[in-house]
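Each remark here refers to the structure printed beneath this line.
Naming convention: chains lettered A, B, ... in sequence-line order (proteins, then strands); numbering from 1 in each chain. All values below come from the heavy atoms of this structure, side chains included, with hydrogens, waters and symmetry mates left out.
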Protein chains: 4
Amino acid sequence: MSQRVARKRGERVRAILTTAAELLGERGYEDVSLEDVAERLDVTKGSLYYYFASKDELVTAAIETLGTDWTDRLEALPVAGPPAERLRALLREHIRIAVREYPAALRLFLVPDDWPAEQQARIKALRRRHDGVFRAVVEEGLRSGEFAVVAVGPTLQAMHAAMSQAPVWVRGEEQIDQLADTLMRLVRA
Amino acid sequence: MSQRVARKRGERVRAILTTAAELLGERGYEDVSLEDVAERLDVTKGSLYYYFASKDELVTAAIETLGTDWTDRLEALPVAGPPAERLRALLREHIRIAVREYPAALRLFLVPDDWPAEQQARIKALRRRHDGVFRAVVEEGLRSGEFAVVAVGPTLQAMHAAMSQAPVWVRGEEQIDQLADTLMRLVRA
Amino acid sequence: MSQRVARKRGERVRAILTTAAELLGERGYEDVSLEDVAERLDVTKGSLYYYFASKDELVTAAIETLGTDWTDRLEALPVAGPPAERLRALLREHIRIAVREYPAALRLFLVPDDWPAEQQARIKALRRRHDGVFRAVVEEGLRSGEFAVVAVGPTLQAMHAAMSQAPVWVRGEEQIDQLADTLMRLVRA
Amino acid sequence: MSQRVARKRGERVRAILTTAAELLGERGYEDVSLEDVAERLDVTKGSLYYYFASKDELVTAAIETLGTDWTDRLEALPVAGPPAERLRALLREHIRIAVREYPAALRLFLVPDDWPAEQQARIKALRRRHDGVFRAVVEEGLRSGEFAVVAVGPTLQAMHAAMSQAPVWVRGEEQIDQLADTLMRLVRA
DNA sequence: CATGAATGAGGTTTCATTCAT
DNA sequence: AATGAATGAAACCTCATTCAT
């Protein structure tokens, strides 16, 4: 395949994934049909199968796109300053993304046990990377004595759960701040 | 309708709701069909329509049953002792129920926006009562100065989110304790 | 389920199987869609799924119907007289059924290896019974010294293959007789 | 078209046909998609349409290739010796090819009635030539008095049917011999 | 009250075919 | 000559819902 064609294909795939990620983030797995994705892209269902072998594969790739994009934005935040400040910034940005762009994203990471192993693995890897961003800051704070936790794992899980479910009730900037500050208590020394 | 008949009907309805609540708590909305419910009850699908006008209505009522049952069990815990002790007991019991009995319950409370208004309202009311159990203890602790929070609302939301999503990763008693202790930090003075 | 209802259901199932068997006998597995079956029955596809869990299951049951019907007719032939006479009668009847009623039946018994085990087993059982009718007569002739064969298995296989494929070229009564007489040579002493 | 170009084209066509014939012989018409053929050739589906106007046309041509190849191999057998010996050799070779190389070939010759007339004709012609190889030996045996049959046509049809369906049940060299010997009975004087 | 039957809309998937490049 | 892309029809299957009995 020529370079030009490969690039074209990459663009096409990216367009599909972006669209699918949007829809999935808005409505969740069960409420998005391939017809929906195809329609928003103005192509037919059949075309999607030219790029992806099944709905699950498309969805997995889209979740990866969504998750990677999300993590990228978190990693793009400034890395200077004390851990507390950086963690609060991460929390706020995460909540903002969840509330504004991916209200249904939570469900996507609750992968059913009966998914193909490969796809479960991919999503778990994604979660791990995403997690890593927070974990790094938390551990830094722990080392410097600025933070204290019961255990790192449950702390991060609690943070993520709270942030991901935020779209259900958070309205407005003020609540975002309150939630972020509330979660900061989980690590305060 | 005679009293006897009304009672009979009530029993029947209760049986349906209990069964539906079980299944919904196990698998979530999309993975439970009316056929599943009917089969576990040893009844036909058609019969369910005698008691409920639609799947959504049945599901709403079942969620109510599940939620009420859940709240009842929390309210049955001892009410004596300092707020911290009582709150920790509530957290542990809540997590235990989530992990052991209703692993898919979380999704049930993420009601899609396009549900009929009446049913959204019912589920919200349910959540409010459920919330109340925790809120009461938290507010008591705040009054006595034993607790401190950023804001009560976000604190409770964060707790619930973390507990509800626990089935995804919690394994074993130790992790339950760790999560409960972690969440206690949200209110510690 | 009441007796009356059970009988009704049985009739319905029988109607479906008969229709499916007809179509399968005419056109073979790949060229019969559930839509075809449904249409000839004047019902919707969905209804078929009320009685059968999948196309394979319906097809297997239909093949069983077809095969059983076929075998029944062979077994209904007179059992008196010398083996040679009876075998020739069997051959002629078999060819007649194949040519007139089930031109595509051959393919149905060429079950792909990737069929569910249960269904493969059912069809094999069917073939065994069908085979048994011929085998009995052949073995009787062998015992009486009227027949002689190289080996019973290949002899029966050859007979069946030739008869089943007859629809492709047999036209008219005369060819039926010729084929039957030709196949008689396989056992003549 | 220059000679060189024509030769190139011929080679390409031959490669396609050989590959298609292989696949068809292995799996049959319905279980071979153009994608399969293209993939095994390391070419795209679109290219096939440059050489063939439709799947049916490609398949017909491939069947011709397969049939011709098959017949060629039969014709390559020694032509000396008594007809009985030669016929047995033909039978054994035919069965061997069917069992080892073209297990699904039988179905290919059961051409559906709704195929375009031209293609039906081509396949029939093919069968006639294939048939001719056996017919010649049988007729020679008849003339010499070594063989006797009820009628030549049905005899040949029965032989072919039995041999073609052999892949379904024949396992091992011994069964090949038994089937060949069994079929020899069809012509024995 | 409850059942068995039937429906119909919608979902995922496959694949022969077309076509601009 | 060949490719990558796209299409659209048709296949199998699921399930909430309706209804006569």
Give the rounded distance in Å between these two atoms: CG of B:Leu58 and C1' of F:dT17. 13 Å
Between F:dA2 atom C1' and D:Lys8 atom NZ, what is the distance in whole Å? 13 Å
To the nearest angstrom, the CG-C1' distance between A:Leu48 and F:dA6 comes to 11 Å
Decide, yes or no, whether a salt bridge links D:Arg40 with D:Glu22 under the criterion of side-chain N to carboxylate O below 4.0 Å. yes
What are the two closest heavy atoms between D:Arg127 and C:Val168, and how far apart are they? NH2-CG1, 3.5 Å
d(CZ, A:Arg7; C1', F:dA5) in whole Å: 16 Å
Is the terminal nitrogen or CZ of B:Lys55 (NZ for Lys, CZ for Arg) located under 6.0 angstrom from the six-membered ring centre of B:Tyr29 and within 45° of that ring's axis? yes
Would you say A:Leu23 and A:Glu39 make side-chain contact, with heavy atoms under 4.5 Å? no
Partners meeting ring pair (Phe, Tyr, Trp, His ring centres under 6.0 Å) with C:Phe52 (sequence neighbours left out): none
N/O (side chain, C:Arg9) to phosphate O (OP1/OP2, E:dA5) under 4.0 Å: yes
Ignoring backbone atoms, establish whether C:Tyr50 has a side-chain N or O less than 4.0 Å from OP1 or OP2 of E:dA6. no
Pair A:Arg107 + A:Glu30: basic N to acidic O under 4.0 Å: no
The ring pair (Phe, Tyr, Trp, His ring centres under 6.0 Å) partners of A:Tyr49 (sequence neighbours excluded) come to none
Evaluate the criterion side chain to side chain contact (heavy atoms under 4.5 Å, CB included) for residue pair C:Trp70 and C:Glu101; output intermediate values, then yes/no. CA-CA 10 Å; C:Trp70 195 324; C:Glu101 286 158 69; over 6 Å; no
Is there a residue in residues 10-43 of chain C whose heavy atoms reach under 4.0 Å of DNA chain E, and which residues are they? C:Arg12, C:Val43
Can you give the donor-acceptor pairs under 3.5 Å from side chains of residues 58-69 of chain D to other protein atoms, not counting sequence neighbours?
from: D:Thr60; atom 1: OG1; to: D:Asp56; atom 2: O; distance (Å): 2.6
from: D:Thr60; atom 1: OG1; to: D:Gln119; atom 2: OE1; distance (Å): 3.1
from: D:Glu64; atom 1: OE1; to: D:Arg122; atom 2: NE; distance (Å): 3.4
from: D:Glu64; atom 1: OE1; to: D:Arg122; atom 2: NH2; distance (Å): 2.9
from: D:Glu64; atom 1: OE2; to: D:Arg122; atom 2: NE; distance (Å): 3.4
from: D:Thr65; atom 1: OG1; to: D:Ala61; atom 2: O; distance (Å): 3.2
from: D:Thr68; atom 1: OG1; to: D:Glu64; atom 2: O; distance (Å): 2.6
from: D:Asp69; atom 1: OD2; to: D:Tyr102; atom 2: OH; distance (Å): 3.2

Ranges pairing with ranges for DNA chain F, where each run has three or more Watson-Crick or G-U pairs under 3.5 Å: E:2-21 with F:2-21
From the candidates F:dG4, E:dA5, E:dG4, the one with an atom nearest any side-chain atom of C:Tyr51 is E:dA5
Could you write out each protein N or O paired with an N or O of nucleotides 18-20 of chain F at a distance under 3.5 Å?
none

Has the side chain of A:Asp31 got a donor or acceptor atom that lies under 3.5 Å from a matching backbone atom of A:Gly28? no
To the nearest angstrom, how far is D:Phe52 atom CZ from F:dA1 atom P? 14 Å
So, the side chain of D:Thr19 versus the backbone of D:Ala15: is there a donor-acceptor pair under 3.5 Å, distance only? yes
